[in-house]
Each structure stands twice: as C-alpha cells, then as structure tokens.
Amino acid sequence: MGLLNFLKKIEPDKKKSPFLHTLFDGFFTFAFSPNTTTKGGVHIRDGMDLKRTMVHVVIAMQLCYIFGTYNIGHQHFVALGMHTGFVEAIHLKLAYGLIQILPIFIVTHVVGLGIEFWFAAKKGHAIEEGFLVSGALIPLIMPPDIPIWILAMAVAFAVWIGKEAFGGTGMNILNVALLARVFVFFAYPTTISGDQVWASTFIDEFGTVKAAAGSIADYSWWHTGFFNGLFDWMGLDTFQQGAAVVDGYTGATPMGIAAKGSWEDVTNVYSTSQMWWGAIPGSVGETCKPAILVGAAFLLLTGIASWRIMISMILGCATMGLILNAWGATEFMLVPWYYQFYIGSFFFAMAFMATDPVTAASTNRGKWMYGFLIGMVGLIIRVLNPAYPEGWMLAILFMNVFAPLIDHYVIEGNMARRAKRSGKAVETAA
Amino acid sequence: MKNGITKLAFLIFFLTTSLSATAQTSNGGSSNLFIYGLIAIAALILIAVILQVSDNLLRIEAKQLGANKSGENFSIFPKAGNLFGSSSPEYLGSDQITHLKQGHDILLEGVAEKSVDHDVQANTFAVQPPNFIGMSPIPKVLPEVGTSVKAGDVIFFDKKRPEIKYTAPVSGEVIDVKRGAKRSIAEVVILKDKEMQYRAFDKFDLENGSREDLVNYMLESGVWTFIRQRPYDLLADPSEIPNNIFVSTFDSAPLAPDLNFVVEGKEAAFQKGLDVLGKLTGDKVYLGLDARGKSAPAAAFANATGVERRWFNGPHPSGNVGIQIHHTAPVDANNKAWVVGVQDIITIGTLFNDGKYDASRVVAIGGAEVSNPKYVQTYIGANIGDLVKGNVEGEATRLISGDVLSGKHVPAEGFLNYFDDQITAIKEGDYYEMFGWLLPIAPRPSVSKTFPNFLFKDYKFTPDTNTHGEQRAFVVTGQYEKVLPMDIFPQHLMKAIIVNDFERMEGLGIYELSEEDVALCEFVCTSKQPLQSILREGLDAMLDQG
C-alpha cells in the first residue's frame, strides 16, 4: 500500500493547520475508508455510509448532465438557425455545452466546498458529504448563461446562510441547491426569468440581457481556437464567428408560452415529443424527462430516495391539474393535466429536490402529505401566479418550511395514541 | 392509519380515472365539464363517506362485542395480506399470529452445528455485578476470597436492594474479586470443583404456598435474578405484581442458539418454571412462539400449558421479547411486564422440581472465526477463553458475549455475561480500504439495495468490525422504521433523548424499547450513530427522573 503510506506521511498537523488537515482528511477519507472499528453497541456495521448514499444520488444525475450539456449547445444553434436537427453536429453542441457548464460546475464546487471545508476546520470535525449532492444539483438548475459571479454569490449564500448557519449537513431547513437558485431568482431576476435566458447566447458576463434577434454570438478562444482546431483536424464542422440569431426566434420555454397563451400556442412551437425528450430551452438539467426518470428509477431501486414522496407528488400534481381543468377560468388552466408533466421541471423537482431527506418530512405519513402538498402548491404557483410561471422551486422551499410542522402532527398523533392506550390500560388494571 | 392511506389512494385513483376521461373529451373547456366534474366529485365523496361510516360502525360493533381483540380484520376493506399474503402455517391451529414485515435477518458464516460438545469445560466462572443494570457499583460480597461455596450459595447482594440475593452458579473456591474503575466490583470469580456440590433447598409447595412465600423462596435461592422488568431492563421488584410476564421462545439474532435444540430433554423443568411464573404474574404469562419455520417449534414450547401463546412470523427482531410485548400488551411507566429467558426458566423449574440451583447453560459458539461452531454445555458466567480454546482462528479476533448486534466485547480471559447464551467470534476490521465506500472489495452485510446483497438472499457473510464509514449527523430518514417492527419513531426518539426532552421520550415510547430492539437500527444507520448507548442514556435519565 504505497499510496496509503505516502498519504499517512504527508498528513498535516491538526493543531497547527486545521484547514489543511480538514482538506487532507476530506481527501483521505475519499480515497480510503477509515480503519475505525466498532466500539460498544453493535459489532458489525452496514456497508452503507453517507458518502455512498450521496454518490449514488450524483450517479443518478449523470444522464441529466450528459443531455443537459448537449442541449445547451443544441439550443444555442437553434437560436442561430444552424444545425437545427436533433442529431446534427453533436460534437459542436457538446463542445459548446461543455464550455458553458464546466465553469459553472467548477465555480459551484470551489465556492461551496471552500466554505464547507472552512467551517469543518473551524468546528474541528470532518468534512460532511452533503455538498456532494448540492454541488452536483446546482449546475443543473441554473440557466446555461448564468454569470459566474452571480452563481458564486448564490452558492455562497446557500451554503453559508442556508446550511452552515444552521449547523451543517443534516441540520438545514431549506434545500441548499434550491436556495442557491432562489437567491438568483430574487436578487438577479433578469438572469433567471423571462423568455431570453434559457438558451445560451443571450446574457453577457455582467448579467445584462442582450436583445434577442440579430444579436451576434461571440465565441471565445476555446471555441474558435481550441475546439475549431480540433474539429478542423478531424474534418468536422466548426464554430462560425459572427453568426447571428435568426429573426422570429423567441427562446421562450413551453412554460412561458403556456402561461401567456393556450396549449395550442405551445404545440405550435414545440411538439409534445420534443418536450418529452427535452430539446427545448430551459435550465440545464431539467428538460429531458426520460433522463430524469431513469435517474429517479435508479434512486427508487437503490432505495435511496423516498418513493412515498415521489408518488404522492405525482398524485398531488395530478389532482390539482384536474381541479384546474375543471375550473378552467384561464387558458393555462385548460392545459390538459397530463401535459402539465411535459412542461417545466416537475420531474426534476420530484426526483432530486423534493426527496432530499434532510429537508423533507421525516415520518412516513408525513412524506405522503409533504409530497402531495408540493404537487398541489407547485401547480397552483405555476398556473395561478401571474408573475412567474414555474412553481416547483418555491413550492418545495415552502413545504421545506412546513415539513417540521407536518412531522410534528404525525408525531403528536403517535404520542396521543400511546397516551390514550396507557391511560386506558391503567383504568383496566385498577 | 395504513387503511386510511389505502382509502385515500383509491379515492384519488377513481378521481383521476373518471375525470381524465371527461377532461380529454372536451378539451376546449366548457361549463359542462365543470358541472360533470363537480357531480363526479360529489358522488365520489358520497360513496367515500358511506364506506367510511359503515367501516367505522363495523369497527365500533366489533369493539363492543370484544371481538376486535382476536386480531381478525373487522374492516370492510380487506387487508392486503388477506388477499395475497401467505397463509399461516398449519401447526398454528387457531392461535393468534402476528406477521412482522419490518426487520432484517443478517446471515453470517459460522452457524453452530446442532451437537453439544461435552468435552469443552470451563474452569473458572464469574458473576459480574455490571451485568445488572441499575445495580450500585459496590455490592456487598459475602464469601472471603479463598473460601469455598456451593452452587446456590449467596455470593453478593446490592445494598440498595438487599432482599435480592445473587448466588454462585457453580461450587468451588472464590479465587478473586476483581475491581474495576473507582473500586467498583467487576467480577467475583469462582474456581469450579471437579464434582459439583449443590446447596440443598427445601422443595416449595407451588399448589398451596402463598405468593409472598414463593417470592421469598426465589429471592433466597437466587433465581429471582433471572426476572427482569420492562421498561428499563432492571431486575424485577419483588414487592410489585407485573401486568404480564413474557417469554420469547426463539432468538432471531444473528447466529443465535436454537432454543428448540436447547430445551431438548428439559421439557419438564421448563413447564415447571412456567407454572412458577404463572403464580407470579398479575394477569397472564405470554409465550412468544416462532412461526417462521415450516415445522412447529419444540413441543415444550408449542404445547406448554398455563400460558397464552402468541406466534410471530418475520425477520429479526421478531424474536426479541420487547417486540413481542409491543404487539401483545405494551408497557409504559405504570404497566410493567417481566421477562424471563428460556434457559433461566429451566433453572427455575429445576429448583422447584429437584430442590437444587442448577445454573447450567447450553451456549452456542459461532462466528466466522470459529473453526468448529457448536454448542457447549456449561454454567452461567463461564470463562470464554476456556470455552473457545483451540477453536478460534486468526490473531485479530473479537470475542463477543452475546450476538454481534447487542453483545458485549470481552477479552479472551473474560467471562460470559449473566444473561447470555451465545459466544460470537469475528474478525477485527482495522484496515483501510481504497474507495471502500464506493467499490467495496469484499461482500459485507447490508440492507441497502446499492449492494447486490438482495439478489443473494441465502449468502452467508463473513463480517468484520470495521465501521464502513464515519459518524455523521442524522441525514437519512425512514431507514430505522424499516427494521423496527414497532409503532415508534426511532429517529425522533433518539433526537428527543439527545436534547433531554423527557415528555417526548415518554410520548414516543422509550419505555417499550430496550437496547437489543434498536440494535438493528444501529446496524443499518447510514450516519453510524451509537443508538444503543443513546437509548440507554435516555433510559437512565428517565430512571433518575423517577
């Protein structure tokens, strides 16, 4: 075990440099399961630990990452009127997506993990794995052009105020990833709402939204230098400097169209299969429903996410959709309830956001209520709220706050049942 | 409540199917749709109300007739188990059976072969005061070191409860009184005679003797120390009458001894012991029986008289007496239950049959590190080193008195704990494992489906004591509930204990739990929390509060 000995040798002193030691410890326990043995209590332990739990959630997201990367590029070229076919110029689309998403991914982790390590060193305990999942989720729920400095601030806010201030992993009340998104939503609304942010090309690095039609895509050295060189050599298509957004392109998401018009207006622009497979503008990871559902199925089969929350959320959304269909006061309410699943990020919220065990209800009965209410509230926000036509982020954060209350009543119920039983038993004994 | 959820699900199902049909036909949206929808909802609500009311009426009727106690389903909704579930085994007859779904059987290598090796003999035996929860650390030891005692002679008593006498399991010379921290007494060690000598007891007339005399007789002979009280697991208070006495006739823990095998040839003593318990209990003596197997348990259990039989089917911890109490007559601060082990009952029965204190125990020696897993015949508190001599492989081996979940780690020169009838030997796991959390090399027991374990249901694991991860805050929810077949929220209870919230601890059912019941929760815990010691802290705190 040469590596093991080497690592043991370079271990920094815990007292002299706590931050370095935490950093080392984080890396070391990542590379090697520790040699601790059970003391008191059980003598054998289940092979499952928090690292393994978290990494399985990250694995479940990988299809979303692959498709999301592709779709960033795809939407970009659709806006330019080039390579509009789904399978055309995949290499360009992937390359473009990669250039967009890698900085987002890296900045998220540098900022988030930096704060986590700093707090862990300060508190003198090992780094906890919670950010593994939050850090993987945040890039997927951001618009592809999110300015890096806004992202950094959002992540810092979410990890610092949302998590560490409450005591770290396992103690937070609100979902960390959604908190990062909601920070952007309230602090820099123009970068995350409206029709123009969901396809990459339209926001510059200061967060100003450029005019849509006619604006010119400016490529960096990575596009024109690195990748063009590579693709040239391979004899493939290359990025074209100076390409402009075509006339008549809106960049609106199906959700945005539905909120202003009818279902027919949506289907005039996007076909239902397009919406289902995800070749539509949107946040990075939310568009491809099959990719998300595969991830959700993986989480359910491994037993990591709660099936109760997922099923009850679908039921809640369907119920609310039916009620709205029956009400039918606006065009948006008349969108058939099952198509509400096609537009927006319902499945992503269901698979990865609502099922976060820390912020969800912790009792089994509570989970049913929690999921059901997210489904209902989310659709209410989506359909009835005039300002912002997507509800899952706000609905989940809202229910995060109410989850302890739901649990409270479930537990009170259990306590009352027990008190009643023992009261009765005393009577009969006397 | 499960029923409630089923009902709700049905309701929503009807709602969705009926409404989606109408929703699709008139996509344009008209007032007709709205009215039809309202009518459909109203009709469904009406039907649901009728169903609910009739269901409740049926239940109330069943309750008034007293029929609901028989455990049959008096709801108009069939239980899922009745529709698809396994039918009860035939040997059950008309007895009541409880199917427990939650739990997990940890299959381990090294199951003891069903033969008693009489050649293995321990030389020294010890009674260890720390085995008794709540006992003051320095009991009064009666015999001097160097004097000899007979089996059944009093060797010490607790100064707080001097009426309870602790007696010698074997005859021989008291060779040592080992002290622990702060001069507490850890072990009273006896070197066993070649020929056992028993202290002679008068026979007790069970038919005509009073309960008070019976209690005194048991106290003096030392068999009272086998009776423990739930809640708290303390020794039973002789001045109290318990609501019920519970006996579990099977142990579902990993590598646990097969009590059907242990009781062979001791049927009369077992029945006598049950008769004694029948005199002590306030209401009933409940016998928890094993309905897991295809064949009936030993006749001594299945045909025992003077007891209420309750059958349990399900994975571990179905054999834990605490689980069985929870499903029969739950305990709380005022309603206490006493529990006695099977071999302890045999000792009690032998005392009443033959007038001698026979503390012999059949002990299962198992575990992957044992070269020849088997049963041995010995006495309470036997020296573990003597029992496993030449039978344990490997250098770094952990010897456990009890099972791998709730047993205690003992050194090789240590002794079997008072209530244990099992020794387990497993490998120590003090090794680093590269990416062990992600890509484990060796198979390991787990309830998680991220391991392929669930595909190999009969695979026997070779476990070690590695924690497979570091301790973390509570993150994952719902995993304890999956392995604890009780109407209890273990995680919330643990949190209540940590913050010393007495009202919640009581409300969430801390009285109903003992360490062995949450041991499986501790095993599965993703955050590697020490649940058993947290629970004991909570119980101690409750005890201090009175």
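FYI, side chains are in, hydrogens and waters are out, and symmetry mates aren't considered; it's all heavy atoms of this structure. Below, chain A is the first sequence line, B the second, and so on; all start at residue 1.
- Tested against Ile44(A) for a side chain to side chain contact (heavy atoms under 4.5 Å, CB included), the candidates Asp464(B), Thr424(B), Val404(B) yield a single pass: Val404(B).
- Using modelled atom types, one finds no donor on one side chain facing an acceptor on the other under 3.5 Å when comparing Asn466(B) with Asn35(A).
- Using a 4.5 Å cut-off between heavy atoms, Thr38(A) contacts chain B through both its backbone and its side chain.
- Interface remark: Asp403(B) contributes backbone atoms only to the contact with chain A (heavy atom separation under 4.5 Å).
- Residue contact with chain A, scored on non-hydrogen atoms closer than 4.5 Å, is absent for Asn453(B).
- In this structure, Met48(A) and Thr450(B) have side chains that are in contact, with non-hydrogen atoms separated by less than 4.5 Å.
- When ring centroids are compared, Tyr432(B) and Phe28(A) come within the 6.0 Å threshold.
- Looking at every heavy atom in both residues, Gln529(B) comes nearest to Arg45(A) through O-NH2, 3.2 Å.
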Is there a salt bridge (charged side-chain N to carboxylate O under 4.0 Å, His left out) between Glu129(A) and Arg472(B) once you walk through the steps?
CA-CA 9 Å; Glu129(A) 291 81 4; Arg472(B) 291 286 184 261; 2.8 Å; yes

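- For chain A, the nearby parts of Phe523(B) are the backbone and the side chain; heavy atoms of each come within less than 4.5 Å.
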Could you go step by step and tell me if Arg421(A) and Asp332(B) meet the salt bridge (charged side-chain N to carboxylate O under 4.0 Å, His left out) rule?
CA-CA 10 Å; Arg421(A) 187 185 68 203; Asp332(B) 56 51; 5.8 Å; no

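- Contact annotation for Glu512(B): only side-chain heavy atoms (C-beta onward) come within less than 4.5 Å of a heavy atom of chain A.
- Proximity to chain B involves both the backbone and the side chain of Thr29(A), based on heavy atoms less than 4.5 angstrom apart.
- Using a 4.5 Å cut-off between heavy atoms, Arg504(B) touches chain A through backbone and side chain atoms alike.
- Looking at heavy atoms from C-beta onward, Ser362(A) lies out of side-chain contact with Gln491(B) at the 4.5 angstrom threshold.
- Between Lys528(B) and Asp46(A) there is no salt bridge, since no side-chain nitrogen of the basic residue lies less than 4.0 Å from a carboxylate oxygen of the acidic one.
- Contacts of His492(B) with chain A are made by side-chain atoms alone, with heavy-atom separations under 4.5 Å and no backbone atom involved.
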